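Remember, it's a predicted structure, so these values are computed and weren't measured experimentally. Positions are given from 1 along the sequence.
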Amino acid sequence: QVQLVESGGGSVQAGGSLRLSCAASGHTASGYCMAWFRQPPGKEREGVAAFYPTYGRTYHADSVKGRFTISQGNAENTLYLQMNSLKPEDTAMYFCAAAEADSYDCYKGSWTYGLSSYKYWGQGTQVTVSS
C-alpha cells in the first residue's frame, strides 16, 4: 500500500510558475513508477507527466512539453512537477499517482495505457491560472 500527498498548488497569473511536490509513504519499494495527472473542471482526468525510474525516462504530454518538468527528489519517495509559463488552460486539480513495477507502462517504461496503469492516488492539489 502506498500513500501519496500532494502540495504546492495555488493561484498564479498566466506566465507564472509553480512547483508541485508529492510525498510517498508506505510500501515505497524502488521500481514504482510515478506520474502527475490533472482534471480540469468538468473534464476527464488526463496524464501530464510520468517518471520511469528503471529506465531513467520521463514522459510529458504534448500540451505541457517545454513548460513542465517532472523529476524525482534525492529521496526516491518524492516527486516534483516544475510548471513554468503557466496558461489559464492549465487550471485543474493536479494528482500524484503511483503504478506498481509490474504494470505494463512501468514495466515497459512508456506511456501506453496511462491512467489505468496507476493504482495509487493522492487527494490532489488545486492549480488556478488567471489571465
Side-chain angles (χ1 to χ4, degrees):
Q1 193 74 8
V2 177
Q3 293 81 44
L4 304 170
V5 179
E6 305 94 337
S7 61
S11 297
V12 295
Q13 289 193 324
S17 299
L18 283 173
R19 189 193 197 200
L20 304 184
S21 300
C22 174
S25 60
H27 182 56
T28 53
S30 62
Y32 273 72
C33 294
M34 296 180 73
W36 289 99
F37 290 78
R38 68 186 181 186
Q39 188 163 13
K43 296 185 178 180
E44 294 186 351
R45 196 167 296 190
E46 61 184 17
V48 176
F51 181 77
Y52 307 103
T54 300
Y55 298 90
R57 280 185 209 150
T58 61
Y59 158 85
H60 294 82
D62 287 344
S63 58
V64 305
K65 269 182 189 173
R67 300 188 300 121
F68 292 12
T69 303
I70 190 171
S71 64
Q72 191 176 54
N74 291 332
E76 287 187 358
N77 59 350
T78 305
L79 185 74
Y80 299 106
L81 184 68
Q82 178 65 44
M83 305 188 295
N84 299 326
S85 302
L86 282 160
K87 303 175 181 180
E89 51 263 43
D90 295 318
T91 294
M93 184 70 80
Y94 283 72
F95 298 89
C96 175
E100 293 178 332
D102 61 356
S103 67
Y104 186 89
D105 281 22
C106 197
Y107 181 74
K108 290 291 187 179
S110 65
W111 188 268
T112 303
Y113 293 103
L115 188 146
S116 63
S117 291
Y118 291 83
K119 183 176 179 179
Y120 305 102
W121 293 85
Q123 294 299 309
T125 185
Q126 178 67 38
V127 172
T128 302
V129 185
S130 58
S131 57

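At distances below 3.5 Å, at least one donor-acceptor pair connects side-chain atoms of T125 with backbone N or O atoms of G9.
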_Full working for side chain to side chain contact (heavy atoms under 4.5 Å, CB included) between T91 and V127_ = CA-CA 5 Å; T91 294; V127 172; 5.9 Å; no

*Kindly indicate, with the supporting measurements, whether the criterion side chain to side chain contact (heavy atoms under 4.5 Å, CB included) is fulfilled by I70 and M34.*
CA-CA 10 Å; I70 190 171; M34 296 180 73; 6.0 Å; no

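A cation-pi arrangement is present between R45 and W121 under the rule of less than 6.0 angstrom and at most 45 degrees off the ring axis. In this structure, R19 forms a cation-pi arrangement with Y80, its terminal cationic atom sitting closer than 6.0 Å to the ring centre and no more than 45° off the ring axis.
Side-chain contact between T112 and Y104 is present, with heavy atoms from C-beta onward closer than 4.5 Å. Looking only at side-chain heavy atoms (C-beta outward), M83 and Y94 come within less than 4.5 Å of each other. With contacts defined as side-chain heavy-atom distances shorter than 4.5 Å, the pair S11/S130 does not qualify. The shortest side-chain heavy-atom distance between Q82 and F68 does not fall under the 4.5 Å cut-off. Within the 4.5 Å cutoff, no side-chain heavy atoms of P88 are placed close to those of Q13. A 4.5 Å side-chain heavy-atom check between Y52 and Y107 finds every atom pair outside the cut-off. Here the side chains of R38 and V64 are in contact, with some heavy-atom distance below 4.5 Å. Looking at heavy atoms from C-beta onward, L79 lies in side-chain contact with W36 at the 4.5 angstrom threshold.
Taking the six-membered ring for Trp and thresholds of 30 and 60 degrees, Y118 and F37 have ring planes more than 60 degrees apart, a perpendicular arrangement.
Shown here for W111 and A35, the closest heavy-atom pair between the two residues is CZ3-CB, 4.5 Å. Between L18 and G8, the shortest heavy-atom contact is CD2-O, 3.8 Å. Minimum heavy-atom separation, S103 to S117: CB-O, 3.8 Å. Listed here is the closest heavy atom pair of S17 and S85: OG-N, 4.3 Å. Of all non-hydrogen atoms in A14 and S131, the two that sit nearest each other are CB-CA, 4.3 Å.
At a cut-off of 3.5 Å, with distance as the only test, a side-chain donor of E100 or Y120 sits close to an acceptor on the other residue.
Interatomic distance, D102 CG to Y32 OH, rounded to the nearest 0.5 Å: 9.0 Å. The structure places SG of C96 at 9.5 Å from CG of L20, a figure rounded to the nearest 0.5 Å. We find the CG-CZ distance between L115 and F95 to be 10.5 Å, quoted to the nearest 0.5 Å. Rounding to the nearest 0.5 Å gives a distance of 8.5 Å between OH of Y55 and SG of C33. In this structure, the separation between NZ on K108 and CZ on R57 is 10.0 Å, given to the nearest 0.5 Å. Of the inter-residue distances, the one linking E6 atom CD with Q126 atom CD reads 12.0 Å to the nearest 0.5 angstrom.
Residue V48 is grouped with residue V12 when hydrophobic side chains (ILVMFWY) are merged at heavy-atom distances under 4.5 angstrom, including chains of intermediate members.
With respect to D90 and K87, no salt bridge is recorded, no charged nitrogen being found less than 4.0 Å from a carboxylate O.
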